[in-house]
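Reading through the structure tokens given below for one structure.
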Amino acid sequence: MKALALVPLLWMASAQGSAALDQAALDYQQHCQQCHGANRFGASGPALLPESLSRIKPAEIRQVIASGRPASQMSGFAKVLSSARIDGLVTYLQQPPAIPPTWSDAEIRASHQVLNAVDSLPGTPQHAADPLNLFVVVEAGDHHINILDGDRFTVLARFASHFAVHGGPKFSPDGRFVYFASRDGWVSQYDLHNLKLIAEVRAGLNTRNLAVSKDGRWVLVGNYLPGNLVLLDARDLTPVKTIAAVGQDGTPSRVSAVYTAPPRDSFIVALKDVKEVWELSSAGQPDFVPRRIAAEDFLDDFSFSPDYRQLLATSRKANGGQVIDLDSGQVLSRIALPGMPHLGSGTWWRRNGDWVFATPNISQGLISVIDLKTWRLIKEIPTLGPGFFMRSHANSAYAWTDVFFGPDNDAIHLIDKQTLEIAHTLRPMPGKTAAHVEFSHDGRYLLLSIWANDGALIVYDSQTLEEVKRIPMNKPSGKYNVGNKIEFAEGTSH
Ligand code: HEC
């Protein structure tokens, strides 16, 4: 009896739900689509697909719709739409569109735009700064990029980026060009000699990151939506080909990440929905047909060993990590790392002549340190909370790691690379999140981000730990030193 009585109730609830969604679709057309696009792919405003919004909490989606975002085109709708209709929009935006979103090769090609022809520009730096000690600084608060002189710590150029630059920017091997990917799939090429944008293309609807081949000829973009890799000509981002991310057995996948492995002259690709790692050679006249390596688990992110022969990836099965040998394709080892390591942000250094690898953990306040010869966990360093980024430099005695999550997120730990103990804890701006450091090319200075709308970039002397300069910025996030990046230097991210 009871079960039967439930049926009409459920039916009524779902009918109500679908009526609210129908209303939301109408509200979207009337109030939102002129900025966010008829198909929610984005226009002057960002894309509003489930993949795009998965990084923010439903409460924040609601808050943005009701109150808007300060200093942007996004104004609040609390006066225009009832609370129930705003709730309807929050639900609606987290559902996939009725027609599955696609982004074809023709659409990629049509989005390609060359803004400045490289041939018409001088081939040498048109500024007085050391081209190998420039920093690219992403200001996430208002979506801008700063080019910073790494000796004088002055901003040489500042320009608007596409919404939410995603994954680290990557450089041509000579350090002249920098390539950015944005969350919504826009790829931009910028000339650091002339401080000018060269070209743009929309390579997908939702992008993870990009990588530049060892010889600087190719840019490979990894997408969640559609699940594929998009190959671009690095000279001006002309689209070359699309490679669908499909497993050996035909299962479609999203792409978690793509990185360059310079000694192998290849791209390594992590897949999110099939248990495979791909290697695509970029040597000579490459065909970009993936070599498939079986993995024990889906790959979110990974880190290379210093010689790029092995990769360390997370594995839920091992409740930690798996080490995959890229030559043999074998899983060499399993490491228990229960704190959810943020491997893409880990770093390695030499300790008593041997390489160690250290990674922060996202769900526990500890740094895991692994011996890279035996792949044994040699130490867990307790911290004030879970961390996100860790960086060092060959000329620094410390690895700097943030405490990104929790009440102590204004603290930064300096870990002694030899004793593996916390040597110092700094609180650069009490009460404000301190995150992500990057060293100057010679390692003498480092830049630290205060992750707040009224935040700052703080320059430290890496030896004396004295503050040298403070530059106000709107949520500065990643910083990338040209010299360290093109040398794939010890201590920085890959
Ligand atoms: C006049 C243009 C405009 C209109 C109209 C508009 N938006 Fe926006 N919206 C924007 C811009 C621009 C942003 C990015 C703001 C920023 O810089 O964070 C944005 C951001 C958002 C975000 C946050 C996205 C993210 O990933 O952080 C949501 C959600 C959103 N809008 C929903 C809506 C909804 C729902 C409507 C209609 C009720 C709407 N917007 C109407 C321009 C607009």
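Treat the numbers as computed from the prediction; the structure is a model and nothing was measured.
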- Query: Side chains of Phe41 and Leu48: does their closest heavy-atom pair fall under 4.5 Å?
  - Reply: no

- Item | Any donor-acceptor pair under 3.5 Å from Glu139 side chain to Asn474 backbone | yes

- Keeping the roles fixed (side chain from Ser67, backbone from Val64), state whether a donor-acceptor pair exists under 3.5 Å. no

- Item | Pair Asn361-Ser368, side chain to side chain donor-acceptor pair (under 3.5 Å): steps then yes or no | CA-CA 8 Å; Asn361 288 281; Ser368 311; 3.0 Å; yes

- Item | Flag side-chain contact, heavy atom, 4.5 Å: Leu280 against Trp278 | yes

- Message: Test your reading of the model: is there a side-chain donor-acceptor pair from His393 to the backbone of Gly491, 3.5 Å cut-off?
- Response: no

- Task: Nearest 0.5 Å please: distance from the NZ atom of Lys272 over to the CG atom of Asp301.
- Result: 9.5 Å

- Is the closest side-chain heavy-atom distance between Pro428 and Leu448 below 4.5 Å? yes

- Item | Side-chain donor or acceptor of Thr251 paired with backbone N/O of Val274 under 3.5 Å | no

- Could you tell me whether the side chain of Val221 reaches within less than 4.5 Å of the side chain of Leu232, counting heavy atoms only? yes

- Dump the intermediate steps for salt bridge (charged side-chain N to carboxylate O under 4.0 Å, His left out) on Asp105 and Lys241, then the final yes or no. CA-CA 8 Å; Asp105 287 358; Lys241 80 176 202 182; over 6 Å; no

- Item | For Ala244 against Asn228, the heavy-atom pair lying closest together | CA-CB, 4.0 Å

- Of Phe163, Trp186, Phe159, the residue whose pairing with His143 passes ring-ring contact (aromatic ring centres under 6.0 Å, His included): Phe163

- Test log, rule side chain to side chain donor-acceptor pair (under 3.5 Å), inputs Ser104 and Glu107: CA-CA 5 Å; Ser104 66; Glu107 282 162 308; 3.1 Å; yes

- For this output row, return yes or no: ring centroids of Phe267 and Tyr259 closer than 6.0 angstrom. no

- Minimum heavy-atom separation for Pro382 to Glu380, with atom names? CD-O, 3.5 Å

- Task: Grab the two heavy atoms, one from Ser83 and one from Arg62, that are nearest each other, plus how far apart they are.
- Result: OG-NH2, 2.8 Å

- Is there a donor-acceptor pair closer than 3.5 Å between any side-chain N or O of His31 and the backbone N or O of Leu26? no

- Message: To the nearest 0.5 Å, what is the distance between OG on Ser75 and CD on Gln73?
- Response: 8.5 Å

- Query: Would Asn133 and Ser440 satisfy side chain to side chain donor-acceptor pair (under 3.5 Å), going step by step from the backbone distance to the final call?
  - Reply: CA-CA 6 Å; Asn133 197 27; Ser440 60; 4.9 Å; no

- Got Phe302 and Ile324 here, is their nearest side-chain heavy-atom distance under 4.5 Å? no

Anything under 3.5 Å between a donor and an acceptor, one on a side chain of residues 90-103, the other on a protein residue two or more places apart or in another chain? List them.
residue: Thr91; atom: OG1; partner: Asp87; partner atom: O; Å: 3.1
residue: Trp103; atom: NE1; partner: Arg202; partner atom: O; Å: 2.9

- Item | Flag side-chain contact, heavy atom, 4.5 Å: Val240 against Trp218 | yes

- Query: If you take all heavy atoms of Met429 and Ala456, which pair is closest and at what distance?
  - Reply: SD-CB, 4.4 Å

- Message: Between Ser111 and Ile108 (side chain of the first, backbone of the second, donor and acceptor by atom type, cut-off under 3.5 Å), is there such a pair?
- Response: yes

- Message: Using every non-hydrogen atom in the two residues, find where His166 and Arg55 come nearest and quote the distance to one decimal.
- Response: NE2-NH1, 2.9 Å

- Task: Please examine the side chains of Leu148 and Thr154, heavy atoms only from C-beta on, and report whether any two atoms are closer than 4.5 Å.
- Result: no

- Query: Mind checking whether Tyr460 and Trp400 have ring centres under 6.0 Å apart?
  - Reply: yes

- Task: Would you verify whether the NZ or CZ of Arg391 falls within 45 degrees of the ring axis of Phe439 while also being under 6.0 Å from that six-membered ring's centre?
- Result: no

- Please report the C-alpha distance between Glu60 and Arg69 in whole Å, then the side-chain angles of each, then the deciding distance to 0.1 Å, and finally whether the salt bridge (charged side-chain N to carboxylate O under 4.0 Å, His left out) criterion is met. CA-CA 11 Å; Glu60 191 185 337; Arg69 281 250 172 87; 3.1 Å; yes

- Donor-acceptor pair, His413 side chain versus Ile415 backbone, under 3.5 Å? no

- Note on the structure: Rounded to the nearest 0.5 Å, the CG atom of Asn409 sits from the CD1 atom of Ile412 at a distance of 10.0 Å

- Item | Separation between CD1 of Ile362 and OG of Ser345, rounded to the nearest 0.5 Å | 8.5 Å

- Message: Regarding Thr207 and Asn223, do their side chains bring together a donor and an acceptor under 3.5 Å, going by distance alone?
- Response: yes

- Item | Full working for ring-ring contact (aromatic ring centres under 6.0 Å, His included) between Phe153 and Phe135 | CA-CA 9 Å; Phe153 306 113; Phe135 284 89; 7.1 Å; no

- Query: From Ser363 OG over to His342 NE2, what is the distance, rounded to the nearest 0.5 angstrom?
  - Reply: 12.5 Å

- Message: Pairing donors with acceptors under 3.5 angstrom, does anything connect the side chains of Thr314 and Asp300?
- Response: no

- Would you verify whether the NZ or CZ of Lys275 falls within 45 degrees of the ring axis of Phe298 while also being under 6.0 Å from that six-membered ring's centre? yes

- Are Ile268 and Phe304 close enough that some pair of their side-chain heavy atoms sits under 4.5 Å apart? yes

- Message: Using a 3.5 Å distance criterion without hydrogens, assess whether the side chain of Thr425 forms a donor-acceptor pair with backbone atoms of Ala411.
- Response: no

- Query: So, the side chain of Asp410 versus the backbone of Gly431: is there a donor-acceptor pair under 3.5 Å, distance only?
  - Reply: yes

Name every donor-acceptor pair, under 3.5 Å, that has one atom in a side chain of residues 187-200 and the other anywhere in the protein, sequence neighbours excluded.
residue: Ser188; atom: OG; partner: Glu200; partner atom: OE2; Å: 3.0
residue: Gln189; atom: NE2; partner: Ala234; partner atom: O; Å: 3.1
residue: Gln189; atom: NE2; partner: Arg235; partner atom: O; Å: 3.3
residue: Tyr190; atom: OH; partner: Leu195; partner atom: O; Å: 3.2
residue: Asp191; atom: OD1; partner: Arg176; partner atom: NE; Å: 3.2
residue: Asp191; atom: OD1; partner: His193; partner atom: N; Å: 2.8
residue: Asp191; atom: OD1; partner: Asn194; partner atom: N; Å: 3.2
residue: Asp191; atom: OD2; partner: Arg176; partner atom: NE; Å: 3.3
residue: Asp191; atom: OD2; partner: Arg176; partner atom: NH2; Å: 2.8
residue: Asp191; atom: OD2; partner: Asn194; partner atom: ND2; Å: 2.7
residue: Asn194; atom: ND2; partner: Pro122; partner atom: O; Å: 3.0
residue: Glu200; atom: OE1; partner: His162; partner atom: NE2; Å: 3.2
residue: Glu200; atom: OE2; partner: His162; partner atom: NE2; Å: 3.2

- Lys475 vs Asp454, salt bridge (charged side-chain N to carboxylate O under 4.0 Å, His left out): CA-CA, chis, key distance, verdict: CA-CA 7 Å; Lys475 252 196 184 176; Asp454 54 349; over 6 Å; no

- Task: Go through the steps to decide whether Asp408 and Arg427 satisfy the test salt bridge (charged side-chain N to carboxylate O under 4.0 Å, His left out), and finish with yes or no.
- Result: CA-CA 9 Å; Asp408 285 296; Arg427 288 190 195 262; 3.1 Å; yes

- Any donor-acceptor pair under 3.5 Å from Arg183 side chain to Ala47 backbone: yes

- Query: CG/Asp236 to CG/Asn116 distance, rounded to the nearest 0.5 angstrom?
  - Reply: 12.0 Å

- Contact summary for Leu447 and Lys479, nearest pair of heavy atoms: O-CE, 3.2 Å

